[in-house]
Amino acid sequence: MNLKILTAVSIFVSAIAANAQSTAAKLPGDATLPSSKESLEKMVSFDKGNFKYRVEDYFARPNASSFKISPDGQYLSYKEKDKDKKNHVYVKELKTGKITKAIVEKEDLIGSYGWLDKKRLFYTQDKGGNENHHLYAVDIDGKNVKDLTPFEGVTLRSVNIIKDTNFVIVALNKNNKQIFEPFKINFITGEMTQLYENKDVNSPINSYLFDKDGNMRGYSVLENGLTTKTFYKDLETGKFNLIQSTDWKNTFSIIELNDNSKNKDEAYVVTNLDSDKERIVLYNLKKNTIIKEVYSDPVYDVSSISTARKNRNYELDYISYTGVKGITIPVSKFYKEVYSKLSAQFKDKDFSIVSSDNNENKLLVFVTSDKLYGKYYEYDTKTKNIKLLYDLMPQLKEEDMAVMRPIEFKSRDGLTIHGYITLPKAALEGKKVPLIVNPHGGPQTIRDEWGFNPEAQLFASRGYATLQVNFRISGGYGKEFLQSGYKQIGRKVMDDVEDGVKYVIKQGWIDQSKVAIYGGSHGGYATLMGLIKTPDLYSCGVDYVGVSNIFTFFNSFPEYWKPYKEMVKEIWYDLDNPKEAEIAKEVSPIFQIDKIKKPLFVAQGANDPRVNINESDQIVKAMRAKGFEVPYMVKYDEGHGFQKESNSIELYKYMLGFFAENFNK
């Protein structure tokens with residue numbers, strides 16, 4: 001689920017007693033507002049029926065997951081869940097079958113993890129969802145754990161492993177919370193060296209380019225929040241020269257250097273400077289010219305490539321992008337053979353290579369679809385044999401899952417809008433069913449995609465359809481479509497959602513008296529705006545970590561968002577402009593609560609750095625003040641969306657009960 005969200009406001013905490021006041025002071029937000037667990041549990045009883053699948057079947061974490069092959073091909077690593085729901089990382093020696101616990105998950109979740117070299121792993125971890133991740137290194141036997149970024153309140157933006165060395169390069173806002181700078185770290189000793197200073201808060205460097213040996217070759221600067229300047233290092237003089245200056249709304253981004261070429265100045269670049277859609281080009285950075293176009297699509301942005309490793313001299317393997325479904329264009333001879341074999345085996349399913357040894361003798365392939373949660377396969381490139389390694393969710397039978405259908409319709413002002421509808425079997429049999437409208441987060445540059453959606457499948461198991469609309473401002477459809485949603489959040493963006501609802505109702509699938517709206521982040525904001533803008537369209541709404549007040553949202557940006565504030569003004573609204581500030585007030589739910597007539601359920605992670613808990617606090621407080629009973633779920637060990645299994649399962653149980661209660665009134 002895409003939960004790319006935002007925000008905050010300061011609310012006075014009043015406590016009934018001294019003890020309550022003391023407790024509340026230690027917790028984020030107003031600790032007197034969340035509903036009791038007992039009152040929330042009452043909602044669960046409304047989800048009645050002889051259902052084949054439980055919430056746990058969709059949202060309990062797989063018993064094992066995240067499989068990876070070691071660089072030398074001697075080991076297989078994976079996460080495995082214990083009886084206490086902790087997901088530890090294990091390493092299995094393939095020759096002997098010996099299994100060792102390498103990384104222990106304690107109170108906080110293990111985020112990403114992977115191989116540094118053939119004997120050492122890395123992993124990331126934050127505190128209760130605050131997104132201030134630390135980078136750790138550990139031996140494969142679980143010994144020599146080292147915190148490589150032992151700084152409190154510091155955000156880790158990227159990790160670049162320098163192959164065949166003991167070094168990683170990371171970007172941290174260690175010296176200034178608004179600015180990220182590159183540091184080279186020895187993952188054996190922990191020794192750290194700063195590679196470049198990024199001093200100008202008004203024109204900070206926001207990305208760095210390194211070659212395969214860890215040498216800095218370029219960077220891009222965001223000047224005054226609105227102009228992107230790209231600099232490239234002249235290998236003869238050592239000077240960084242300006243090669244592009246573009247408005248932030250346009251794209252010129254170096255994906256990676258072309259190490260397959262003898263020309264050290266060649267790179268793969270994604271650009272839309274002379275086109276509406278993003279496309280991949282091969283570029284000479286020194287001459288500042290396009291060598292040739294690599295790939296473009298007339299309908300969709302193309303921005304991703306995959307290149308081989310050292311064993312095949314870093315040749316281009318394939319181009320990938322998202323259309324109606326995921327699209328892969330094989331390029332290298334090696335990958336064409338692999339793609340042909342896997343396509344024949346998995347047919348209409350999506351597959352991707354997620355891990356391999358350095359020599360590519362064995363590939364781990366992840367296979368999924370709209371009806372398949374996911375399976376790992378092992379592909380032997382020598383014998384061409386494919387064997388099942390692990391089924392992540394064997395309890396979910398494909399034949400019982402709902403189909404996710406692509407849809408396309410015209411907005412009221414003539415734009416072509418794409419999206420997806422997941423229909424339960426009753427709808428396919430001609431019965432009109434309840435609908436849950438699920439606007440995505442972001443909202444800019446994010447889009448919904450075809451594939452297994454556990455939320456939509458859970459809702460389908462209860463007989464509900466799910467609508468996902470890629471409204472204007474969604475990414476992937478070109479800059480004109482993207483920019484048509486700028487300064488239209490809460491307005492034409494909501495029109496597109498409403499037009500999508502009208503479209504699916506017109507198809508005869510939906511009982512228009514039973515339509516709910518639910519979303520996270522911008523989707524939570526859209527839930528509130530939907531209940532305000534079209535109060536008779538929806539039966540109820542669920543706001544999950546959503547923005548309720550654009551003004552307090554802007555004022556609560558984390559420090560590392562502040563360099564982008566001018567950009568956000570262009571996307572949302574410029575609050576320094578009186579006319580736009582008035583619009584922002586009109587589309588801030590907190591100022592329009594008198595228009596909300598239907599039941600609302602709110603859920604929030606207390607440590608959310610993007611959408612501050614006060615965004616949820618203030619809408620709950622205001623709604624209750626006008627006599628609405630608003631169920632309010634807060635988890636004090638979560639951030640921007642619930643990550644812990646028990647919390648996630650609770651949320652969906654409450655949500656199903658809330659929908660059932662309000663659909664059946």
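Heavy atoms only: backbone and side chains are in, while hydrogens, waters and symmetry mates are out. Along the sequence shown, the residues carry numbers beginning at 1. Remember, predicted model here, so these are calculated numbers, not experimental data.
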Worked verdict on Lys52 versus Ser461 for side-chain hydrogen bond (donor to acceptor under 3.5 Å, both in side chains)
CA-CA 8 Å; Lys52 184 172 182 178; Ser461 76; over 6 Å; no
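- Classification of the Tyr518-Phe659 ring pair by plane angle, with boundaries at 30° and 60°, yields perpendicular.
- Between Val587 and Arg491 the shortest heavy-atom distance is CG1-CG, 3.7 Å.
- More than 12 heavy atoms of other residues, nucleotides or ligands shown are found within 6.0 angstrom of CD on Gln345.
- Relative orientation of the Tyr477 and His418 rings is parallel, given thresholds of 30° and 60° on the angle between their planes.
- Ionic pairing of Glu586 and Lys533 is not present here: no N-O contact between side-chain nitrogen and carboxylate oxygen is shorter than 4.0 angstrom.
- Side chains of Asp543 and Ser616: a donor-acceptor N/O pair is absent below 3.5 angstrom, by distance only.
- Rounding to the nearest 0.5 angstrom, the gap separating the OG atom in Ser646 from the CG atom in Leu651 is 11.5 Å.
- Just one residue in the list Phe67, Tyr376, Tyr377 forms a ring-ring contact (aromatic ring centres under 6.0 Å, His included) with Tyr390, and that residue is Phe67.
- A distance of 13.5 Å separates CD of Gln488 from CD1 of Ile571, quoted to the nearest 0.5 Å.
- Counting non-hydrogen atoms of other residues, nucleotides and ligands closer than 6.0 Å to CD of Gln507 gives a total above 12.
- In terms of modelled atom types and a separation under 3.5 Å, the side chain of Glu615 and the main chain of Ser548 share a donor-acceptor contact.
- A heavy-atom distance below 4.5 Å is not found between the side chains of Ser296 and Ile280.
- Checked for salt-bridge contact, Asp274 and Arg279 meet the test: a charged N lies under 4.0 Å from a carboxylate O.
- Among all heavy-atom pairs drawn from Val299 and Asp297, the shortest one is N-OD1, 2.8 Å.
- Dense packing is recorded around NZ of Lys644, with more than 12 heavy atoms of other residues, nucleotides or ligands lying under 6.0 Å away.
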Go through the steps to decide whether Lys325 and Asp350 satisfy the test salt bridge (Lys or Arg N to Asp or Glu O under 4.0 Å), and finish with yes or no.
CA-CA 8 Å; Lys325 296 182 179 181; Asp350 272 355; over 6 Å; no
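- In this structure, Phe351 and Phe346 have tilted ring planes: the angle between them lies in the 30° to 60° band.
- Between Tyr321 and Tyr300, the ring-plane angle classifies as tilted under the 30° and 60° cut-offs.
- Residues Ser539 and Pro599 come closest through the heavy atom pair O-CD, 3.4 Å.
- A salt bridge links Glu650 with Lys635: the closest approach of a Lys/Arg side-chain nitrogen to an acidic carboxylate oxygen falls below 4.0 angstrom.
- When the salt bridge (charged side-chain N to carboxylate O under 4.0 Å, His left out) test is applied to Arg462, the partners found at least two apart in sequence or on another chain are Asp47.
- When all heavy atoms are compared, the tightest approach of Phe551 to Ala581 is CZ-O, 3.4 Å.
- We find that Lys249 and Glu570 are joined by a salt bridge, their nearest charged nitrogen and carboxylate oxygen being less than 4.0 Å apart.
- Without hydrogens or angle criteria, Tyr544 side chain to Phe642 main chain gives a donor-acceptor distance under 3.5 Å.
- Ser303 approaches Ile255 most closely through the heavy-atom pair O-CD1, 3.8 Å.
- In this structure Pro330 satisfies the side chain to side chain contact (heavy atoms under 4.5 Å, CB included) test together with Tyr335, Lys336, Tyr339, sequence neighbours excluded.
- To the nearest 0.5 angstrom, Ser369 atom OG is 13.5 Å from Lys347 atom NZ.
- Classification of Lys569 and Glu566 as a salt-bridged pair holds, one side-chain N sitting under 4.0 Å from a carboxylate O.
- Heavy-atom neighbours of Lys277 NZ from other residues, nucleotides or ligands within 6.0 Å: above the threshold of 12.
- For Glu661, the side chain to side chain contact (heavy atoms under 4.5 Å, CB included) partners at least two apart in sequence or on another chain are Phe46, Lys665.
- Checking side-chain atoms of Asp57 against main-chain N and O of Tyr53 turns up no donor-acceptor pair under 3.5 Å.
- With hydrogens and angles left out, the side-chain atoms of Glu455 and Tyr652 include a donor and acceptor closer than 3.5 Å.
- Between the side chain of Thr534 and the backbone N or O of Leu537 there is no donor-acceptor pair closer than 3.5 Å.
- Glu408 and Thr416 are not linked by any side-chain donor-acceptor pair at a separation below 3.5 angstrom, with hydrogens and angles left out of the test.
- Taking every heavy atom of both residues into account, Pro443 and Trp572 meet most closely at CD-CZ2, 3.9 Å.
- Applying the side chain to side chain contact (heavy atoms under 4.5 Å, CB included) test to Asp496 and every residue at least two apart in sequence or in another chain returns Ser411, Ile417, Phe471, Arg472.
- The cationic atom of Lys565 (NZ for Lys, CZ for Arg) lies less than 6.0 Å from the six-membered ring centre of Phe557 and within 45° of the ring axis.
- Using a 3.5 Å distance cut-off with no hydrogens or angles, the side chains of Ser220 and Ser207 do pair a donor with an acceptor.
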Please evaluate residues Tyr373 and Tyr58 with respect to the criterion ring pair (Phe, Tyr, Trp, His ring centres under 6.0 Å), reporting the C-alpha separation (whole Å), side-chain torsions for both, the decisive distance (0.1 Å), and the verdict.
CA-CA 9 Å; Tyr373 187 97; Tyr58 297 94; 9.1 Å; no
Give the intermediate values and the outcome of side-chain hydrogen bond (donor to acceptor under 3.5 Å, both in side chains) for residues Asn453 and Tyr420.
CA-CA 11 Å; Asn453 184 314; Tyr420 301 91; over 6 Å; no
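- At least one donor-acceptor pair under 3.5 Å links the side chain of Trp450 to the backbone N or O of Met404.
- Residues passing the side chain to side chain contact (heavy atoms under 4.5 Å, CB included) test with Ser158 are Ala171, sequence neighbours excluded.
- Judged by the 6.0 Å distance and 45° axis criteria, Lys514 is not positioned over the aromatic ring of Phe663.
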Given ring pair (Phe, Tyr, Trp, His ring centres under 6.0 Å), test Phe601 with Phe658 step by step and report yes or no.
CA-CA 8 Å; Phe601 171 34; Phe658 181 77; 5.8 Å; yes
Please step through side-chain hydrogen bond (donor to acceptor under 3.5 Å, both in side chains) for the pair Gln457 and Thr422, ending with a clear verdict.
CA-CA 8 Å; Gln457 293 295 342; Thr422 302; 5.7 Å; no
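- When each of Lys492, Arg412, Lys506 is checked for a salt bridge (charged side-chain N to carboxylate O under 4.0 Å, His left out) with Asp499, only Arg412 meets the rule.
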Would you check, one step at a time, whether the test side chain to side chain contact (heavy atoms under 4.5 Å, CB included) holds for Ile421 with Thr466?
CA-CA 6 Å; Ile421 182 83; Thr466 300; over 6 Å; no
Set out, in order, the CA-CA distance, both residues' side-chain angles and the distance that settles side chain to side chain contact (heavy atoms under 4.5 Å, CB included) for Thr271 and Thr251, then state yes or no.
CA-CA 5 Å; Thr271 183; Thr251 300; 5.6 Å; no
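- Pairs engaging residues 420-441 under the salt bridge (Lys or Arg N to Asp or Glu O under 4.0 Å) rule: none recorded [sequence neighbours left out].
- Judged purely by atom type and a 3.5 angstrom limit, Lys397 uses its side chain to pair as donor or acceptor with the backbone of Pro394.
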